[in-house]
Amino acid sequence: AGMVALAFWLAIFFAVLSYRQKQNSLLNRLQNALQSGELISFYQPIINVDSGEMYGAEALIRWVKKDGSIISPGYFIDELESSSLITPVTLCLIRQVLDNLSGILNQDPELKISVNIVPEHLEHPHLLDALESMAAQGEQVQSLSLEITERQPIYDIASAKIQIARIKALGLTLKLDDAGTGYGGISYLQEFDFDYIKIDKMFVDTLHFDKASSALDAQILMAGHLNLPLIAEGVETKKQALELLQRGVHLQQGYLFAKPMPLDDFICFYQEATKP
Ligand code: C2E
Ligand code: CA
Ligand code: CA
Ligand code: CA
């Protein structure tokens with residue numbers, strides 16, 4: 001009888017434990033964070049190093065907790081991207097960009113703000129439905145640029161082409177992010193109508209050494225053939241910036257210029273950068 005009672009209480013103990021774990025799962029906490037407005041867009045400037053002007057910025061998600069602590073996407077982005085929560089989160093970020101920056105984008109319609117999307121958004125119409133209805137309400141969606149990584153494959157190529165055509169019809173641009181690190185590579189560039197290629201930090205890091213990676217040079221050569229401008233990310237040193245500039249890569253993003261920052265700091269940075 002003792003054994004039966006023990007088994008009974010153990011079963012209850014584990015049931016409660018697993019229930020609590022579910023309640024506290026990362027995805028659950030992210031859902032709550034979205035609802036309570038804790039998923040916030042930070043902004044990292046992208047500079048045209050040739051002219052010294054600002055080309056635009058990348059919107060990067062941060063989880064800003066009630067106590068003020070800031071959690072980087074490295075901790076939660078995989079979980080988010082592999083759940084359906086990624087769509088409301090992406091829309092929430094786009095909403096923030098348009099609300100936060102409407103003043104600046106009105107006054108400076110050339111400025112482009114990048115938002116990161118996932119293959120899901122090219123395979124299903126939800127994101128484009130939302131963007132089209134925002135455009136119909138007179139929102140400046142044409143100031144947005146969508147970045148898609150090669151991290152996960154695009155399975156449904158036919159649907160992706162349809163969504164990309166809708167992206168272009170709205171006047172948005174499309175960037176291949178983290179080029180050369182994932183699945184698609186050259187085939188993506190041939191298949192889909194990208195406007196820019198982003199060089200991943202991994203390749204920029206090779207410019208620390210005197211002999212730069214041939215992988216970087218191959219990317220630059222390929223972009224030249226396709227007539228696509230490049231944007232380098234993760235530029236941390238003047239040496240890297242100059243080496244990239246010498247290779248014709250004018251658009252650069254990285255700690256050398258600015259780290260991702262909250263809205264208020266970004267607006268100050270923008271005003272400082274555009275002072276006559
Ligand atoms: P990513 O799209 O490749 O973004 C560039 C990352 O490099 C950012 O990391 C940025 O803060 C970091 N970075 C930029 N310049 C430098 C530099 O000079 N040095 C160093 N060490 N790092 C630099 P972050 O913000 O932590 O984002 C990581 C990744 O999370 C992003 O990589 C992107 O793939 C993903 N991510 C961020 N925000 C979103 C989002 O809203 N939606 C989705 N789907 N993914 C996002
Ligand atoms: Ca990106
Ligand atoms: Ca990138
Ligand atoms: Ca990257």
Side-chain angles (χ1 to χ4, degrees), residues 30 33-34 38-47 49 55-64 70-98 100 112-124 126-127 144-152 154 173-184 194-208 215-216 219 230-241 243-244 249 251-263 265-266 269:
L30 284 165
L34 173 64
E38 293 178 15
L39 300 183
I40 305 276
S41 180
F42 273 38
Y43 299 94
Q44 185 179 31
I46 302 173
I47 310 294
V49 180
Y55 155 89
E58 179 171 7
L60 293 158
I61 195 170
R62 295 291 182 269
W63 181 355
V64 182
I70 298 171
I71 301 177
S72 281
Y75 176 69
F76 60 82
I77 201 68
D78 285 347
E79 191 86 7
L80 208 54
E81 287 192 343
S82 53
S83 106
S84 59
L85 201 56
I86 189 62
T87 298
V89 167
T90 303
L91 287 173
C92 173
L93 238 71
I94 289 175
R95 189 70 270 146
Q96 289 178 46
V97 169
L98 294 174
N100 288 343
K112 295 283 182 245
I113 311 297
S114 289
V115 174
N116 294 283
I117 63 164
V118 295
E120 153 109 21
H121 296 138
L122 296 182
E123 290 173 331
H124 301 283
H126 317 302
L127 182 77
L144 300 174
S145 182
L146 303 178
E147 297 192 0
I148 186 145
T149 68
E150 307 182 325
R151 248 187 328 216
Q152 310 103 332
I154 296 173
T173 55
L174 186 67
K175 300 188 172 94
L176 179 64
D177 201 355
D178 298 340
T181 65
Y183 288 89
F194 286 101
D195 301 291
Y196 293 86
I197 301 174
K198 287 193 88 171
I199 302 174
D200 190 62
K201 179 175 184 298
M202 186 174 105
F203 297 106
V204 172
D205 284 341
T206 65
L207 290 166
H208 270 306
L216 175 69
Q219 244 179 52
L230 288 158
I231 300 177
E233 76 175 25
V235 180
E236 291 183 342
T237 67
K238 282 192 178 147
K239 178 173 156 69
Q240 292 171 335
E243 292 275 347
L244 285 161
V249 182
L251 299 176
Q252 300 183 14
Q253 170 185 1
Y255 293 177
L256 176 64
F257 313 103
K259 287 192 172 180
M261 51 192 138
L263 175 67
D265 292 350
F266 176 68
F269 185 96

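All values below were derived from every heavy atom in this structure, side-chain atoms included, with hydrogens, water molecules and symmetry-related copies excluded. Atoms within a ligand are numbered from 1 in the order they appear, just like the ligands themselves.
By the criterion of a heavy-atom distance under 4.0 Å, the side chain of Asp178, and not its backbone, is placed next to ligand 1. If you look at Lys198 next to ligand 1, there are no close heavy atoms at all, none under 4.0 Å.
Taking a cut-off of under 4.0 Å to the non-hydrogen atoms of Pro73, the atoms of ligand 1 that pass are 24 (P), 25 (O), 26 (O), 27 (O), 28 (C), 30 (O), 37 (C). Those atoms of ligand 1 that come under 4.0 Å of a heavy atom in Gly254, given as number and element, are 15 (N), 18 (O). Counting atoms of ligand 1 from 1 in the listed order, those under 4.0 Å from a heavy atom of Val235 are 18 (O). Per-residue contacts place Pro260 under 4.0 angstrom from the following atoms of ligand 1 (heavy atoms of the residue considered): 11 (O).
Backbone and side-chain nitrogen or oxygen atoms of Asp200 are examined, and none is located within less than 3.5 angstrom of a nitrogen or oxygen of ligand 1. For a threshold of 3.5 Å applied to N or O pairs, the pair formed by Glu233 and ligand 1 contains at least one separation below that value. Polar contact with ligand 1: present for Glu236 (N/O pair, distance under 3.5 Å).
Counting heavy atoms from C-beta outward, Glu233 and Val204 have side chains that stay 4.5 Å or more apart.
Rounding to the nearest 0.5 Å gives a distance of 8.0 Å between CG of Leu146 and CG of Leu122. Rounding to the nearest 0.5 Å gives a distance of 8.0 Å between OG1 of Thr90 and CD of Glu81. With rounding to the nearest 0.5 Å, the separation of CD1 in Ile231 from CG in Leu251 is 5.0 Å.
For the residues Arg62, Gln44, Gln96, the heavy atom positioned nearest atom 15 (N) of ligand 1 is part of Gln44. For the residues Leu39, Leu256, Leu80, Asn116, the heavy atom positioned nearest atom 40 (C) of ligand 1 is part of Asn116. For atom 41 (O) of ligand 1, the nearest non-hydrogen atom from the set Ile77, Leu93, Val97, Ile148 comes from Leu93. Which of Tyr75, Tyr255, Phe76, Phe42 comes nearest to atom 23 (C) of ligand 1 through a heavy atom is settled by distance: it is Tyr255.
With the Ca ion (ligand 2) as the vertex, atom OD1 of Asn116 and atom OD2 of Asp177 span an angle of 90° (nearest 10 degrees).
A side-chain donor-acceptor contact under 3.5 Å links Gln96 to the backbone of Ser41. With hydrogens and angles ignored, the 3.5 Å screen pairs no side-chain donor or acceptor of Gln252 with any backbone N or O of Val235.
Taking the six-membered ring where tryptophan is involved, the planes of Trp63 and Phe76 are perpendicular, since the angle between them exceeds 60° and thus also 30°.
For the side-chain contact (heavy atoms from CB on, under 4.5 Å) with Leu256, the qualifying choice from Glu236, Lys239, Lys238 is Lys238, the only one to do so. The only member of Lys198, Lys175, Lys112, Lys259 that meets salt bridge (charged side-chain N to carboxylate O under 4.0 Å, His left out) when paired with Glu58 is Lys198.
Atom OD1 is the N, O or S atom of Asp178 at the shortest distance from the Ca ion (ligand 4). Looking only at its N/O/S atoms, Glu147 has OE1 as the one nearest to the Ca ion (ligand 2). Take the N/O/S atoms of Asp200: the one nearest the Ca ion (ligand 4) is OD1. Sorting the N, O or S atoms of Glu233 by how far they are from the Ca ion (ligand 4) puts OE2 first.
The Ca ion (ligand 2) lies under 3.0 Å from an N, O or S atom belonging to Glu58.
The heavy-atom pair separating Tyr255 from Pro260 by the smallest distance is CE2-CD, 4.0 Å. Between Tyr43 and Val97 the shortest heavy-atom distance is OH-CA, 3.4 Å. In terms of heavy-atom proximity, His126 sits nearest to Thr87 at CB-CG2, 4.3 Å.
Within the 4.0 Å heavy-atom cutoff, Lys259 does not count among the residues contacting ligand 1.
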